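Notes for the one structure printed next.
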Amino acid sequence: MPELPEVETIRRQLAEKVIGARIKRVEVRRAAVMTNPIPGLDLLSGKTITGVSRRGKWLWLSLEGDLALLFHLGMTGQLVWEEEGELPPHTHLLIELDRGRLRFTDFRRFGRVRLGKSEEIRDYLEEKLGPEPLSPAFSVSYLKNALARSRRPIKALLLEQKAVAGLGNIYTDEALFLAGIDPRRPACTLTEDEVKRLHEAIKGVLAEGIRHRGTSIRNYVDAEGTPGEHSLFLRVYGREGQPCPRCGTPIKKIKLSGRGTHFCPHCQH
DNA sequence: ATGCGCCTGCGT
DNA sequence: ACGCAGGCGCAT
């Protein structure tokens, strides 16, 4: 599910809704979504939410007392703010606020929630993530170095969160298409020009995804419960057999590092 | 570096 | 009935 653009969309919307809100009550409806012991959650009652942040595909609420509640949405996780209403099935965590409520719903249950001290959460993420692709830390020279050290297929490398934080299966295929690069190419074989194109393409597709409030294939919704529009703009992902938007050749789908991979056999080398 | 398991639901 | 799906962590 959610890759960087989807999580960033949720972050922006939640920031509007919940910063300054006070937590009335937290209900863990399925304990297994918590990576650490639950009793701690009781201590969230009465606390005010002071911020909503994102790093890669991870999102956290900052809370009074230097605490952070960290979410990873896995493949099908939703984080929705709403006033009221019947709870959908597979809602594992409910945070009641003085204005509305926040629910974490995830039918495949790959998502996780963790409570920790702010600093501990920061360290946890920094340890496992590479640079933010939309920040200056993700420079052409950084990317060039990262690629030079690997013979893995370029697509497999881009999916590693330690190389670049936040890319997943959709935006990786889209970026490689825009850059005109075959996803199977060993990373270290990219030329300087190709690295530059890839760098631009990565930033471009992510920004575009955010602009369209994310890609909804089947289950993703933003923090208001609304599907994103970016599926209408995908160039190769999910378009096997349909004409390449650039040359008309049918889009091919192969399996690469265990993931469905879409590309144009004519435009990508 | 690759494959498998974790889950549920949908399309074939 | 089977394969596949936006991801990740662990075993091999």
Side-chain angles (χ1 to χ4, degrees), chain A residues 1-11 29-36 54-59 70-80 88-93 104-114 124-125 127-130 133 146-147 149-176 183-188 202 205-206 208-210 212-223 226-241 253-262:
Chain A
M1 136 336 2
E3 306 180 27
L4 188 153
E6 290 74 37
V7 181
E8 176 61 17
T9 299
I10 293 171
R11 187 199 70 74
R29 309 176 85 242
R30 180 182 286 275
V33 303
M34 298 297 307
T35 46
N36 49 1
R54 181 194 59 75
R55 183 83 170 77
K57 302 173 193 171
W58 299 79
L59 178 148
L70 178 69
F71 295 84
H72 192 292
L73 303 181
M75 288 272 247
T76 55
Q78 306 177 334
L79 204 45
V80 175
H90 307 291
T91 297
H92 308 312
L93 185 71
F104 171 62
T105 304
D106 180 15
F107 79 84
R108 282 181 75 183
R109 287 194 244 151
F110 289 169
R112 284 296 176 264
V113 186
R114 169 194 296 257
Y124 174 77
L125 295 179
E127 184 183 320
K128 66 171 71 205
L129 298 177
L147 300 194
R149 289 187 282 100
S150 172
R151 328 186 147 209
R152 304 188 66 192
I154 179 64
K155 163 147 181 182
L157 194 111
L158 293 178
L159 287 173
E160 274 180 32
Q161 302 301 296
K162 190 102 194 169
V164 192
L167 287 174
N169 211 28
I170 296 175
Y171 295 96
T172 301
D173 282 1
E174 293 293 304
L176 287 167
R184 300 165 289 194
R185 285 268 298 283
C188 58
I202 289 171
V205 293
L206 293 175
E208 202 178 26
I210 293 171
H212 296 133
R213 293 182 1 273
T215 305
S216 295
I217 303 289
R218 52 177 47 170
N219 141 100
Y220 164 76
V221 292
D222 64 19
T226 311
E229 307 287 346
H230 193 61
S231 53
L232 300 172
F233 299 86
L234 295 175
R235 296 163 175 94
V236 288
Y237 186 87
R239 302 191 65 245
E240 180 184 19
K253 181 177 180 189
I254 59 170
K255 195 84 129 179
L256 184 52
S257 323
R259 314 298 300 277
T261 298
H262 314 73

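All values below come from the heavy atoms of this structure, side chains included, with hydrogens, waters and symmetry mates left out. Keep in mind that this is a model prediction, so the values were computed, not measured. Naming: A, B, ... by sequence-line order, numbering from 1 per chain.
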Which heavy atom of A/G228 sits nearest a heavy atom of A/S216, and at what distance? N-OG, 2.7 Å

Rounding to an integer number of Å, can you tell me how far [X] [atom1] sits from [N] [atom2]?
X: A/Q161; N: C/dG7; atom1: CD; atom2: P; answer: 8 Å
X: A/Y220; N: C/dG7; atom1: OH; atom2: C1'; answer: 16 Å
X: A/E3; N: C/dA5; atom1: CD; atom2: P; answer: 13 Å
X: A/R114; N: C/dC8; atom1: CZ; atom2: P; answer: 14 Å
X: A/K128; N: C/dC8; atom1: NZ; atom2: C1'; answer: 8 Å
X: A/L256; N: B/dG3; atom1: CG; atom2: P; answer: 10 Å
X: A/E240; N: C/dG3; atom1: CD; atom2: C1'; answer: 13 Å
X: A/R151; N: B/dT2; atom1: CZ; atom2: P; answer: 12 Å

Minimum-distance nucleotide to [X] side chain [options: [options]]:
X: A/R259; options: C/dA5, B/dA1, C/dG7; result: C/dG7
X: A/R109; options: B/dG9, C/dA5, B/dC7; result: B/dC7
X: A/H72; options: B/dT2, B/dG9, C/dC8; result: C/dC8
X: A/Y124; options: B/dG9, B/dA1, C/dG9; result: C/dG9

Base partner of B/dC7, which must satisfy Watson-Crick or wobble distances under 3.5 Å: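 Paired with B/dC7, as far as the under-3.5 Å criterion goes, is no nucleotide at all.
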
Under 4.0 Å, heavy atoms only, any strand: does [X] hit a base, just the sugar-phosphate, or nothing?
X: A/G258; answer: nothing
X: A/G111; answer: nothing
X: A/S257; answer: nothing
X: A/Y171; answer: nothing
X: A/K255; answer: sugar-phosphate

A/Y237 and A/H230: aromatic ring centres closer than 6.0 Å?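 Distance test on ring centres: not under 6.0 Å, no.
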
I'd like to know if A/R108 reaches the base of B/dC7 with its side chain such that a donor and an acceptor end up less than 3.5 angstrom apart.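 Side chain to base: pair found, below 3.5 Å.
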
Flag, side chain of A/D222 to backbone of A/G214, donor-acceptor distance under 3.5 Å: no

Taking only side-chain nitrogens and oxygens of [X], does any of them come within less than 4.0 Å of OP1 or OP2 of [N]?
X: A/R112; N: C/dG7; result: no
X: A/H90; N: B/dG9; result: yes
X: A/K253; N: C/dC4; result: no

Aromatic-base stack, A/F110 on C/dG7, cutoff 5.5 Å, angle under 30: yes

Nearest-Å distance once atom P is located in both C/dA11 and B/dC7: 16 Å

Please work out whether the ring planes of A/F233 and A/H212 are parallel, tilted or perpendicular, with thresholds of 30° and 60°. parallel

Quick one: pull up CZ in A/F104 and NE2 in A/H72 and give me the separation to the nearest 0.5 Å. 10.0 Å

How many angstroms lie between CZ in A/R185 and CG in A/L147, if you round to the nearest 0.5 Å? 10.5 Å

Earlier contact from the 5' end, DNA chain B, for A/A156 and A/R218: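 This one resolves to A/A156.
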
